[in-house]
2 protein chains.
Amino acid sequence: MTAHGADVQDGDGQARTESKQSVEVPAARERARAIPEAAVARLAVYLRALSVLADQDVTTVSSDELAVAAGVNSAKLRKDLSYIGSYGTRGVGYEVSVLVGQIERTLGLTRKHSVAVVGIGNLGHALANYGGFPSRGFPVSALFDLDPDLVGVPVGGIPVNHIDDIVEVCADREVTIGVIATPVQGAQEVCDRLVAGGVTCILNFAPVVLQVPEHVEVRKVDLAVEMQILSFHVARRQQEAAAQSEVDGADTGPPGSGEQEPGEVESANRMVERL
Amino acid sequence: MTAHGADVQDGDGQARTESKQSVEVPAARERARAIPEAAVARLAVYLRALSVLADQDVTTVSSDELAVAAGVNSAKLRKDLSYIGSYGTRGVGYEVSVLVGQIERTLGLTRKHSVAVVGIGNLGHALANYGGFPSRGFPVSALFDLDPDLVGVPVGGIPVNHIDDIVEVCADREVTIGVIATPVQGAQEVCDRLVAGGVTCILNFAPVVLQVPEHVEVRKVDLAVEMQILSFHVARRQQEAAAQSEVDGADTGPPGSGEQEPGEVESANRMVERL
DNA sequence: TTATGTGAAACGATTCACAGCT
DNA sequence: AGCTGTGAATCGTTTCACATAA
């Protein structure tokens, strides 16, 4: 393996304590249950790599090839695929179309998932205008904002509704996925309304820990956290370089520069208040 | 624990095979090294929770309180904090300001990290315009796009440069973090230039697996993957509900609705081509 | 031969539970 | 009496290595 960054950076870890409800699922009809969370995230990555291959009219692919395309190691890929069934041919590989179909089935992509975007600021605009996003199974069917000047204005072809109408509109349009792109202050309130409107999945861009009933799935995308993780790695590398040269004697380390002005930073948080 | 979604959803998993370079880090001056990746991601979350507390003039906090605020369990929080040192007082808790300082130090937030955004489409605009993002330790100091009509136009106060100048401008402005918000096609090329310009950290919004030298850190944010993971959970829940009612006898399940029209979806991938 | 599929080993992260300090 | 800090147990994920099938 040739050690380079990009990997699935998920591993997931959604809370989900106490997963069993009422009686105890009877092990019958337990189709897609036993797939590890970490594997689910990667299946989506494999699916994209497979789509690229399909576009190039590749019909068959080995676990090694697909693993390279997806940026994972091939043993992991095979194990992941084994969770959804045995669709490969020993000595040959996998048929691209079969694998695409099976992964789509597993991920529930054979059905449309209506999306509502709440908070039509810069990010909300980006999401609403984004054509490729709704075009493949995730139609954006409602937009909401607080701002009366925005209500009624069509963004990406869909008129913006007022957030007071979230419950009604979401229920009416059978929205499954709610995307929260509001400032922190409004996020929990918006979330509650989405849930009241029957939304069971939430993608949250606001840097708050949302409180939701247990049947609702939340995923969070937090720019500040991503940047800070990167920052940590810069810091660590610098320390390593420093420690290294302390031992080696003189200057070793990454090719680029090394230091940079320290430049005091105030409290260094509270980011992503308004995307 | 009261089982609700929101958690750190990271656990990370960046590749990083063969982490040791040259000789073998001599265990001397090994300050921030041994912190598990998963813990680093959460430290950023704790930091935000602490900032909120600090704003409310809270001076002291127990692991239980902070854990609730950050949406994790308190044992995990204490273990995470133990990686950065012992800054709590038994029988009392942690002093907010001390913890903020120590986490900032650990994450390398006591230094500025210049950011360059490449691809000034909808998302790029959102990132460039976003005030809170650069205002706390991550100043956006360069913007790039391919489009000649955009070059020279100031976005969020910074004039857009042409992507041909990435290497030069990044080196000149000592950019540490590159954000790729381009379509898939250009992403690898842009990435190579950023790296040539001395950028060691990349936040990638394009759905490609970037190839980078091992001293470069990549993190990927992939909307399509997030949506598909949510989709999986909807599907699984539906199956569980179906399995449940098959056993129970009649209708059990989540309060909202249950089904929705299946509605065929074509190939269901290739999303996020142009955010 | 070649490449899948998978038990079993290794690794890493989380949770438990309690000793140790205030 | 209360809460931190941390070994030890547990659980989930990754990797190994090979039997199995084309």
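To find a chain, count down the sequence lines: A is the first, B the second, and so on, and within it residues start at 1.
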Polar atom pairs (N or O), protein with nucleotides 10-12 of chain D, under 3.5 Å:
none

Output for pair (L81(A) CG, L77(A) CG), nearest 0.5 Å, gives 4.5 Å
Looking at CG of L203(B) and CD of E217(B), how far apart are the two atoms once the value is rounded to the nearest 0.5 Å?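 The CG atom of L203(B) sits 11.5 Å away from the CD atom of E217(B).
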Output the rounded distance in Å from [atom1] ([X]) to [atom2] ([N]).
X: L66(A); N: dG5(C); atom1: CG; atom2: P; answer: 12 Å
X: D80(A); N: dT4(C); atom1: CG; atom2: C1'; answer: 14 Å
X: K79(B); N: dG7(D); atom1: NZ; atom2: P; answer: 7 Å
X: L99(A); N: dA3(C); atom1: CG; atom2: C1'; answer: 14 Å
X: Y83(B); N: dG12(C); atom1: OH; atom2: C1'; answer: 9 Å
X: L77(A); N: dT4(C); atom1: CG; atom2: C1'; answer: 11 Å
X: L81(B); N: dA13(C); atom1: CG; atom2: P; answer: 16 Å
X: I35(B); N: dT14(C); atom1: CD1; atom2: P; answer: 14 Å

Do R111(A) and T176(A) come within less than 4.5 Å of each other through their side chains, counting heavy atoms only?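 Yes, close enough: below the 4.5 Å cut-off.
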Would you check if the side chain of R219(A) reaches a backbone N or O of L230(B) as a donor-acceptor pair within less than 3.5 Å?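 Not a single qualifying donor-acceptor pair exists.
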Say whether, by atom type as modelled, one donor and one acceptor occur between the side chain of Q211(B) and the main chain of Q188(B) under 3.5 angstrom. no
Tell me which pairs pass salt bridge (Lys or Arg N to Asp or Glu O under 4.0 Å) where either residue lies in residues 56-72 of chain A, with sequence neighbours left out. none
Minimum heavy-atom separation for S231(A) to L107(B), with atom names?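 Closest approach of S231(A) to L107(B): OG-O, 2.6 Å.
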Classify every nucleotide of nucleotides 17-22 of chain C by which part a protein heavy atom approaches to under 4.0 Å, writing B for the base, S for the sugar-phosphate alone and - for neither, in 5'-to-3' order. B-BBBS
With a cut-off of less than 4.0 Å, is there a side-chain N or O of [X] near OP1 or OP2 of [N]?
X: Y94(B); N: dG5(D); result: yes
X: N73(A); N: dT14(D); result: no
X: S63(A); N: dT4(C); result: yes

Regarding Q239(B) and R236(B), do their side chains bring together a donor and an acceptor under 3.5 Å, going by distance alone? no
Donor-acceptor side-chain pairing of E37(B) and H233(A) below 3.5 angstrom: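 Yes - a donor-acceptor pair under 3.5 Å links their side chains.
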